[in-house]
Each structure stands twice: as C-alpha cells, then as structure tokens.
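FYI, the numbering just counts along the sequence from 1. Model, not experiment: these values are computed from the prediction.
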Amino acid sequence: MDILNYINGQLRPAQGDAWLQNPSPRDGQVFSRIADSAAADVDLAVEAARSAQPGWEALGSQGRHDALMRLAALVERDMEAFAQAESRDNGKPVALARKVDIPRAISNLRFFATAILHWGSEAHATDGIAVNYTERSPVGVVGCISPWNLPLYLFTWKIAPALAVGCAVVAKPSEITPLSAYMLAERCVEAGLPPGVLNIVHGTGAKAGAAITAHPEITAISFTGGTATGARIATVAAPMFKKLSLELGGKNAVVVFADCDFDMMLKETVRSSFSNQGQICLCGSRILVERSIYERFKKDFVACVKALRVGDPQDETTDLGAVVAEAHLQKVLGHIALAKEEGGIVLTGGERVHLDGPLKDGWYMAPTVIEGLGPLCRTNQEEIFGPVVTLQPFDTEEEALANANSTRYGLASVLWTNNGTRMHRMAHALKSGVVWVNCWMLRDLRTPFGGMKQSGVGREGGEEALRFFTEAKNVCIKL
Ligand code: NDP
C-alpha cells in the first residue's frame, strides 16, 4: 500500500519517487510505504494553497461549513475503517480508536464547522466620538504539524479551525502514523473539497516538516509535538515573524488527597496513567499521594496495574496495545534503567513483553510503576511518554504543590479531593494549562487548551483557535 501526498486535490507520490517504510507496531512488519517528501513537494503544496485560498475565503462561512460537514459525514460513514487503520499504524487498541480517536476527529470537524457560523467580532464605542469594530481575516496559508500519539484526532484539531476561518493549509502528519491522514485525503476528494484548500505532505520532520516551517509564504505554524522540536521550529519561525502555536510535552502530576472518593480516583488514575500506553501528552506520570493513604493506594494501584492486559491491539479485551515504534520502546526502557540507577524500585512491569505467534516482533511493554524517587531526579523531571508512572508520598498541601510545580513543564494536572476550598486553592496555584479536578480527559472543545512554561506557547480550542488563524484589524470610524 502506498501512502500518497494530497496536493492541489490530487493524490500523488513525492517528487523524485522517494519512499519511507511504514511498519505496524502490532507485529513489527512493514505494511505500507510513505511518500518521502522534500522542499520541492512543500513548494508545490504552498503554490496550490496560495491559489486556492482567496476562493476558499470568498466561499463564506456557510460554504466552508458545508464542505467540512460533508467531510465529517464521510469519516463517520467509514468510522470502522478509520479505527482499524489508526490501530494498525499506531499500535493502540482498536477499541480505544473506536471510542476516542475517530469520534473526536469527527467532532473536531463538526465543532469548528459550526463554530464559524456562530463567531462574532467585537465593537467598541468611544465616548460618542468614534466607533471601532474588529475585523478578523484569515492569515492566509498556514502550516499544521502533528504528532503520532493521537494521529487523526490532533491532525483534525489543527486543520479544522484553520479551514473554517478561510485559511488554506499545508499539513504534515507524523511520518510514524500517516495512514489516517491519507484516508482523510481520499475523503476530501470524495467530499469535493476545493483543490488546494488542504494539502497533506507526508515525510520526515527533518525534511518535509522543516521545509514547511521555513517556507516564506506560510504565515503561521500550528505545531504539536516534543518540546525540543518546538524549540527548533521557533528558532526558524520567530525571525520570520510567523504566528506560532506550540503544544509541547508534559510531565503531569496527579495529586491525591486522603479525602477523595478513593474508588473513583483509583479507577481514573489507572486510566490517566496507561491509556494509549501512556502516550498521551495529558497522561499523569507523577502520582503524588497523601501519606496517610499511600500504602493503601500503592497496594490497590499495583494490583489494578498487574491486572491490565497487554495484548493484540485488535483484541477487544486488550488494555494496552503496542508502543508506537521500536526506537520509542528502547527510549522508554532506557528511562526505566535510569530510574533504577537513580534508586527507584520497580513495583510492577519494567520490561518488554513478547507476545506469541505472529505478534512476537511487536513492540509491547508492561505497564510500569516505580517508587522511591524524589521530585528532582531525572525520572521525575523528564518526559518519558510511555507506560511508566512514579509514586511519591507527601505530608502537606504545600509540599504537594511545590512537587507538582517542580518541573519545566506545565501542561496538565489532576487533583483528587472532596474539600471544596482546597480544590480552588490548589487549582489556582498549580502551574498548568489544564487542571482536572476529580476527573481526567473530560474535554469541552470550547475551552482554551495549551501549556504553561515549556509545555507550549499559545492556546488552542474554541475561539482561541479561530483567533490564532486570523489577523485582527481595528477599524475606527469617527462619528
Ligand atoms: P516530535 O516533536 O518528534 O514530532 C512532532 C511532529 O513534528 C512530527 O510530525 C514530526 O515529524 C515533526 N517534526 C520533527 N522535526 C521537525 C522539524 N525540525 N521541523 C518541523 N517538523 C518537525 O513529537 P512526537 O511525534 O514524538 O510526539 C510526541 C511528543 O508530542 C511528546 O513530547 C508529547 O508530549 C507531545 N504532545 C503534545 C501534545 C500537546 O497538546 N501539548 C499532544 C500530543 C503530543 P516526524 O515524526 O515525521 O519526524
């Protein structure tokens, strides 16, 4: 199977006929090849986008809404094929792709398609002297670069608001998980999306991604990925005065107070630790537990984690599928070796899992729980982005807060308490872009989403995304 670029409405190989191999994490076997695009392909895509953008903007919000809704309907029609593809390409349980990834991708398209119909702009009357209104126009041609962990979910989270406001897009999905974006391109053709409005260029970050970032005609970059890559992109884009939205890494704390609903907390903390093999930027990887319930939590949590089933992503009963790539598996195992060197005690997991039969070469890992490490060691400071969590006890709220805020990241925090005053006090003091209280991954697409500190710059979601992809102009009329 060939995964082709989508440029100017056509599915086509990269220029020079260059290809990359695409293995499935499920069995480690190559099942497709990907167009290995370079700067010349990005140039073609930008040219197509530049030609298409004025017509797309002129179509008006109703016309763009209709096109995005047609696309959403086709993804919904083919939901099962998309879920199977996402599982095959990424290694995630197909049940998770069915429940989370694909429904959310459809919601992203519908949410921004309708948001644009309801969006207003501000007006300011100036003391009877003048009236001001704000006009918001699409910024033009934008670059959207997305990661491998939630492939179609994050891809659509970027392209949908950009297209809704009237921008034309050059997008690059991760080379590790390109399949669902390719399938979306096929549906774009079927939906009759005007050629050039959305262009999808496949290939590596170093080649295709870097060419998008550096292209002078691309006026804004929306990027989700690692903090180091975000810094590299900012180095190139900032001197060109491009608008930048960076959604980066995390090292999220889960803070558990003794007064919480223990059973609900336990169930949700297993989920926030190991969903998608721990490969969600919002997963809690540092679990801080009030000392009075630490031993009880440890015993019950480890028992729940031991009961999780690592297995075939296609099997409905699998809790953890494969991690995304062999190199990533080795990276996560390297972090576990480091944790042991730092004095950490592995309570469960800590090793690769070899399944039998045809899946023997797949990249599976046991969910891992480590204790005995302080807040400032590398294990508790660096993002691992795999099925690994640490446990740390705390005595006071101040200590928990200082520990939770002690990393360079600030993406999300999870707080478990039934004390209403403490909820607000802690939520205010936690330095993260999202604070979930007594829940995890409960998302309302209207809310601002993004990270503090080195977890990002800017916010996505709702009107924040619509604003990012537009330029505001103040028109002042003297009365
Ligand atoms: P990477 O930063 O490695 O890659 C992200 C995307 O950027 C990929 O499409 C990649 O291409 C591309 N890329 C790589 N280098 C460059 C470059 N020099 N110029 C332009 N583009 C480039 O992240 P991962 O894919 O490994 O994703 C995991 C990371 O993403 C984690 O740190 C995680 O926390 C973060 N993340 C953050 C989220 C948030 O909302 N804050 C949500 C989800 C993940 P390719 O892969 O093809 O090389």
Atom SG of C260 and atom CG of L266: how far apart are they, to the nearest 0.5 Å?
9.0 Å
CD1 of I384 to CD1 of I336: how many Å apart, nearest 0.5 Å?
7.5 Å
About how many Å separate OG1 of T390 and CG of N380, when rounded to the nearest 0.5 Å?
3.5 Å
Under 30°, 30 to 60°, or over 60°: which ring-plane class applies to F301 and F297, parallel, tilted or perpendicular?
parallel
Nearest-0.5 Å distance that lies between atom CG in D36 and atom NZ in K207
3.5 Å
By the salt bridge (charged side-chain N to carboxylate O under 4.0 Å, His left out) test, which pairs, at least two apart or in different chains, include something from residues 423-448?
E397-R425, D444-R446
Judged by atom type as modelled, is there a donor-acceptor pair below 3.5 Å linking the side chain of K158 to the main-chain atoms of I145?
no
Run the ring-centre check on F112 versus W157 and record whether the distance is less than 6.0 Å.
yes
Checking T421 now: which residues fulfil side chain to side chain donor-acceptor pair (under 3.5 Å) with it, not counting sequence neighbours?
none
Nearest heavy-atom approach of L288 to A253 is CD1-CB, 4.4 Å
Is the charged tip of R422 near the ring of F257: under 6.0 Å from the six-membered ring centre and within 45° of its axis?
yes
Flag the pair H328 / W148 as yes when their ring centroid distance falls below 6.0 Å, and as no otherwise.
yes
Within 45° of the axis and under 6.0 Å from the centre of the six-membered ring of F449, does NZ or CZ of R459 qualify?
no
Quick one: side chain to side chain donor-acceptor pair (under 3.5 Å) partners of K242, sequence neighbours excluded?
none
Check: N276 main-chain N/O paired with Q279 side-chain donor or acceptor under 3.5 Å:
yes
Establish, yes or no, whether the cationic atom of K453 lies under 6.0 Å from the six-membered ring centre of Y409 and within 45° of the ring axis.
no
